[in-house]
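A short write-up of the structure that comes next.
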Number of protein chains: 2
Amino acid sequence: MPTSTSKRDHIIHSALNLFAERGFDATTIPMIANDANVGAGTIYRYFANKEVLVNTLFQHYVTLFTHTLEEDYPKEDSIRNQFHHLFKGMVRFTNDHEHALYFIKTHNAAYFLDDTSRENFNHLLMILQNFLDEGKEEKQIRDLPSKALIAIIFGGFLELFKLIRAGDIESSEELLAGVEESCWDAVRHHS
Amino acid sequence: MPTSTSKRDHIIHSALNLFAERGFDATTIPMIANDANVGAGTIYRYFANKEVLVNTLFQHYVTLFTHTLEEDYPKEDSIRNQFHHLFKGMVRFTNDHEHALYFIKTHNAAYFLDDTSRENFNHLLMILQNFLDEGKEEKQIRDLPSKALIAIIFGGFLELFKLIRAGDIESSEELLAGVEESCWDAVRHHS
DNA sequence: ATAAAAGGAATGAATATTCATTCCGGTTAT
DNA sequence: ATAACCGGAATGAATATTCATTCCTTTTAT
């Protein structure tokens with residue numbers, strides 16, 4: 001098995017967890033190296049510096065999440081079903097990459113993000129915004145700024161997963177369904 | 001003439017803005033001193049160290065926010081009106097202290113908070129939780145974990161104010177009313 | 001004139017980054 | 001088949017940089 005690939009993956013994985021838990025500035029390179037079981041210098045064989053590392057990470061997971069949402073998107077279906085598709089995507093992505101969404105959420109406005117990272121993140125926002133805008137035209141979605149609606153969806157969803165990770169509550173189908181309903185009610189147009 | 005009190009206030013004000021914008025770890029003491037127009041050493045005349053500063057700040061604004069919510073709380077009124085009171089409190093507090101709620105939100109789980117800070121924050125959560133629990137008993141509030149519901153309310157609200165601050169959207173009575181409705185629909189029991 | 005307050009350069013600890021060296025797998029020569 | 005040889009990957013100690021904190025001088029107030 002190719003060591004180089006798996007080492008890079010270890011570094012990425014450790015960096016993601018630490019950045020998500022402590023934030024970029026509170027995470028040191030030796031911490032990452034230690035967690036990934038590599039020498040500190042090894043990190044610099046794969047990433048030019050700490051900022052390149054965090055940007056690579058950010059772009060990687062934003063792109064992955066974007067693909068998850070875009071895959072099999074039910075363009076012709078009802079708004080409600082499109083919403084369900086997006087919500088399901090969030091759940092699936094979070095199950096596959098425990099800390100990734102939280103990392104994205106807490107770092108998406110950070111001072112160290114480069115242009116590519118910002119572009120990637122904007123593209124992700126656009127997917128959600130297009131969905132909401134279309135829904136607003138059809139009078140299915142509440143007439144509020146899309147960004148505020150997006151914040152409500154992510155706020156509720158991520159808080160849920162924080163609690164599950166912390167062991168405060170247990171994940172279950174009903175719970176997920178309940179949060180989906182709550183987010184949908186926050187966002188949908190009420191007559 | 002700048003009295004000692006006003007210097008302390010300048011430091012607090014600058015620290016709040018910088019912590020809210022860049023986070024605790026990315027904010028240096030010289031940055032704060034510079035923004036507050038004082039020497040770096042002067043900060044240490046008022047605060048023993050950086051952690052004491054951030055804890056003082058945190059406790060100050062959490063307490064202030066708590067008082068804002070508790071003041072004239074309509075204990076005997078309907079759940080919906082209690083919700084309105086809380087929401088109004090958030091708006092008022094944010095108008096008085098632009099960055100304070102965002103600072104609280106982004107730092108409430110930080111590793112450097114001391115016991116008093118945590119206690120103060122818990123007390124704040126308790127107010128919201130008691131409200132939600134009572135609402136659940138009356139079947140007025142959705143049966144979901146209170147922390148998730150709190151996250152939804154704060155997520156939407158704070159994102160709104162981020163956008164207003166950034167100049168992306170303009171504040172207005174309708175907008176605020178719309179966000180309040182959205183949060184309420186997310187949280188209330190639907191039959 | 002004296003004391004308190006303020007300032008900001010100096011200090012030292014912590015941290016990012018570099019680099020001389022080791023290690024390891026594959027290749028070549030005998 | 002074995003052993004000497006290569007090249008690049010990995011390492012972590014050494015170095016450079018950043019930043020919280022201190023300390024001593026200057027300023028302000030009484």
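Chain A is the first sequence line, chain B the second, and so forth, proteins listed ahead of strands; every chain is numbered from 1.
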Shortest side-chain distance from A/I29, nucleotide among D/dT21, C/dT15, C/dT17 | C/dT17
Check residues 94-101 of chain B and write down every donor-acceptor pair under 3.5 Å in which the side-chain atom is one partner and the other belongs to a residue at least two apart or another chain.
residue: B/T94; atom: OG1; partner: B/M90; partner atom: O; Å: 2.9
residue: B/N95; atom: ND2; partner: B/V91; partner atom: O; Å: 3.4
residue: B/H99; atom: ND1; partner: B/N17; partner atom: OD1; Å: 3.0

Whole Å only: how far is the NE2 atom of B/H10 from the P atom of C/dA6?
-> 12 Å
Can you tell me which residue pairs pass the salt bridge (Lys or Arg N to Asp or Glu O under 4.0 Å) test with a partner in residues 140-164 of chain B, sequence neighbours excluded?
-> A/D168-B/K147, A/D185-B/R142, B/E159-B/K162
Whole Å only: how far is the CG atom of B/D25 from the C1' atom of C/dA14?
-> 13 Å
Go through residues 49-58 of chain B and report each residue with a non-hydrogen atom lying under 4.0 Å from DNA chain D, sorted by number.
-> B/N49, B/K50
Among pairs that include at least one residue of residues 11-24 of chain B, which meet salt bridge (Lys or Arg N to Asp or Glu O under 4.0 Å), considering only residues two or more places apart or in two chains?
-> none
Is the shortest heavy-atom distance from the side chain of A/H123 to the side chain of A/R118 under 4.5 Å?
-> no
Tell me which nucleotide among C/dA16, C/dA6, D/dT11 gets nearest to the side chain of B/K7.
-> C/dA6
Pairs meeting criterion side chain to side chain donor-acceptor pair (under 3.5 Å) with involvement of residues 103-116 of chain B, two or more places apart = B/D25-B/Y111, B/D114-B/S117
Using whole Å, report how far CZ of B/R45 lies from P of C/dA5.
-> 5 Å
Applying side-chain hydrogen bond (donor to acceptor under 3.5 Å, both in side chains) to B/R80 and not counting sequence neighbours gives B/E180, B/E181
Could you go through residues 125-136 of chain B and list every donor-acceptor pair under 3.5 Å that involves a side-chain atom there, pairing it with any protein atom two or more places apart or in another chain?
residue: B/N130; atom: ND2; partner: B/M126; partner atom: O; Å: 3.3
residue: B/D133; atom: OD1; partner: B/S146; partner atom: OG; Å: 3.3
residue: B/K136; atom: NZ; partner: B/L144; partner atom: O; Å: 2.8
residue: B/K136; atom: NZ; partner: B/S146; partner atom: OG; Å: 3.0

Whole-Å distance between C/dG7 C1' and B/I11 CD1?
-> 12 Å
Given atom CZ of A/F24 and atom P of C/dT15, what is their separation to the nearest angstrom?
-> 14 Å
Lys/Arg cation over aromatic B/Y102: B/R165, 6.0 Å, 45° cone | yes
Numerically ordered, the residues 32-44 of chain B set in heavy-atom contact under 4.0 Å with DNA chain C is B/N37, B/V38, B/G39, B/A40, B/G41, B/T42
Residue-phosphate contact under 4.0 Å: B/Y46 side-chain N/O, C/dA6 OP1/OP2 | yes
How would you list all residue pairs meeting ring pair (Phe, Tyr, Trp, His ring centres under 6.0 Å) that involve residues 155-191 of chain B, not counting sequence neighbours?
-> A/H190-B/H190, B/F83-B/W184, B/F87-B/F157, B/F157-B/F161
Whole-Å distance separating the CE atom of B/M31 from the P atom of C/dG8 | 18 Å
